[in-house]
Amino acid sequence: MKAPPAPSLAFARNVQLRHLRCFVAIAQERHLARAAERLALSQPAISKTLVELETLAGTRLVERSSAGRRGVQGLTPTGEQLLGHALRVLEAIDASAEAISPAAGERLERLRIGALPSVAPALLPQALARLRGHWPALQIVVKSAANAVLLDELRAGELDLVAGRMSDPRLMTGLSFELLYTEPLVFVARSGHPLAQRAAAVQAVLAHPLVVYAEGTIPRHNTESFFGARGLALPPNALQTLDLMVARALVAASDAVWVTPLGAVRADLQAGALVRLRIDTPGTEEPVGLLLRSEARSSAACTTMVGLLREAARQSQPRPGRKPV
């Protein structure tokens, strides 16, 4: 009797585009009902297609949420590997369709950029202005969010490029990281702040309202570690926000002290709108860099933007012999 085909061969023979489109939609939406709506299918149909794909793969690809049958907690390690391949297949199919259908009209090119709120001010404005000169008709979408959110969306193909930070190995699966620079945390306040005219102790800062980053972010983790190493803790009433405009306006209008990565306030410090308190923050330096999907083929616009961000990073750093802000 003829032996059944090996699982990998059975998968290659029987997987269909509908399986891959379903899987990518689930990975990006993180919810079965939303994936079904996106593909104009019923939820039972999307669930059935996912089960078919997992049967072909011989393993679970999606971790269902314990909160409900429709939710998706994430992808399994095998699912993460398949996602990268599925995205490349679908991108190749879409490119082929465009190549054989020139009469359909010129495709609108789009570049989707993710950036940390603390990184975007130092890198994006100059690079985006120059990118528009190279690609005047390019549709540009910029999303600012926490690092984990940006890396999830980059892996899922919803973003083309992220200006962010390294993360734990699970979130870095399928991604490459190129270091641009490292930056420390700084304590900043308004120019007339009581602590602005002298070297300040960390304990003295606690006598004033604090503004810190949201829980789960790298700047917040580093802030807590910095205080903890000195036997101190963040006060429970510290304002937590990722909104730089809110933090900047509050600090400028009050005696609040903002603990933030340097890049987020470099322009404010250079303009004199805010001042850096004389508090040393050794050990808080974090790498900032560019993240891409490892095996994805970057568009010409994306490649151009990468070069512009490298140049912006070089120009944002202090030159040799120049005192840092």
Side-chain angles (χ1 to χ4, degrees), residues 114-124 143-152 162-168 171 181-196 198-289 316 324-325:
L116 289 173
S118 59
V119 171
L123 288 184
L124 260 58
K143 176 168 185 176
S144 183
N147 209 52
V149 173
L150 296 178
L151 298 193
D152 275 345
V162 166
R165 305 182 194 275
M166 288 279 286
S167 188
D168 62 76
L171 291 179
Y181 56 83
T182 61
E183 63 178 5
L185 288 177
V186 293
F187 288 71
V188 299
R190 62 180 178 84
S191 59
H193 194 279
L195 300 179
R198 55 187 172 85
V202 178
Q203 292 88 337
V205 171
L206 296 178
H208 301 274
L210 282 186
V211 182
V212 297
Y213 282 67
E215 291 184 357
T217 63
I218 293 174
R220 174 60 177 272
H221 171 75
N222 287 344
T223 301
E224 291 176 345
S225 297
F226 178 81
F227 277 91
R230 289 152 182 79
L232 303 170
L234 286 179
N237 64 343
L239 176 69
Q240 306 176 47
T241 183
L242 287 177
D243 192 318
L244 300 192
M245 293 183 65
V246 169
R248 184 181 293 112
L250 175 61
V251 170
S254 71
D255 281 345
V257 175
W258 185 12
V259 189
T260 176
L262 176 58
V265 290
R266 189 183 297 278
D268 297 295
L269 297 177
Q270 291 173 341
L274 299 175
V275 296
R276 179 176 178 177
L277 302 184
R278 285 182 279 174
I279 298 175
D280 292 331
T281 55
T284 64
E285 295 82 4
E286 277 293 331
V288 173
S316 72
V325 173

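No experiment lies behind these values; they were computed from the predicted model shown.
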State whether the side chain of [X] and the backbone N or O of [Y] hold a donor-acceptor pair below 3.5 Å, judged by distance alone.
| X | Y | result |
| --- | --- | --- |
| Arg230 | Leu232 | no |
| Arg220 | Ala214 | no |
| Arg190 | Ser254 | yes |

Shortest non-hydrogen contact from [X] to [Y]?
| X | Y | value |
| --- | --- | --- |
| Gly164 | Asn147 | CA-OD1, 3.8 Å |
| Pro235 | Leu206 | CD-CD2, 3.9 Å |
| Val251 | Ala189 | CG1-CA, 3.5 Å |
| Asp268 | Arg248 | OD2-NE, 2.9 Å |
| Ala196 | Leu277 | CA-CD2, 3.9 Å |
| Val275 | Ser191 | CG1-CA, 3.8 Å |

Non-hydrogen side-chain atoms of Leu185 and Pro261 separated by less than 4.5 Å: yes

Derivation of the side chain to side chain contact (heavy atoms under 4.5 Å, CB included) call for Val186 and Thr260: CA-CA 6 Å; Val186 293; Thr260 176; 4.1 Å; yes

Geometric class of the Phe226/Phe187 ring pair [parallel <30°, tilted 30-60°, perpendicular >60°]: tilted

Straight-line distance of [X] [atom1] to [Y] [atom2], nearest 0.5 Å:
| X | Y | atom1 | atom2 | value |
| --- | --- | --- | --- | --- |
| Leu244 | Trp258 | CG | CH2 | 5.0 Å |
| Thr284 | Ile218 | OG1 | CD1 | 12.5 Å |
| Ser144 | Leu150 | OG | CG | 7.0 Å |
| Ile279 | Leu195 | CD1 | CG | 7.0 Å |
| Tyr213 | Leu242 | OH | CG | 7.5 Å |
| Leu116 | Leu124 | CG | CG | 10.5 Å |

Test log, rule side chain to side chain contact (heavy atoms under 4.5 Å, CB included), inputs Val212 and Phe227: CA-CA 12 Å; Val212 297; Phe227 277 91; over 6 Å; no

Option from Glu183, Glu285, Glu286 for which salt bridge (charged side-chain N to carboxylate O under 4.0 Å, His left out) with Arg165 holds: Glu183

From CA spacing to verdict: side chain to side chain contact (heavy atoms under 4.5 Å, CB included), Leu262, Leu269: CA-CA 9 Å; Leu262 176 58; Leu269 297 177; 3.8 Å; yes

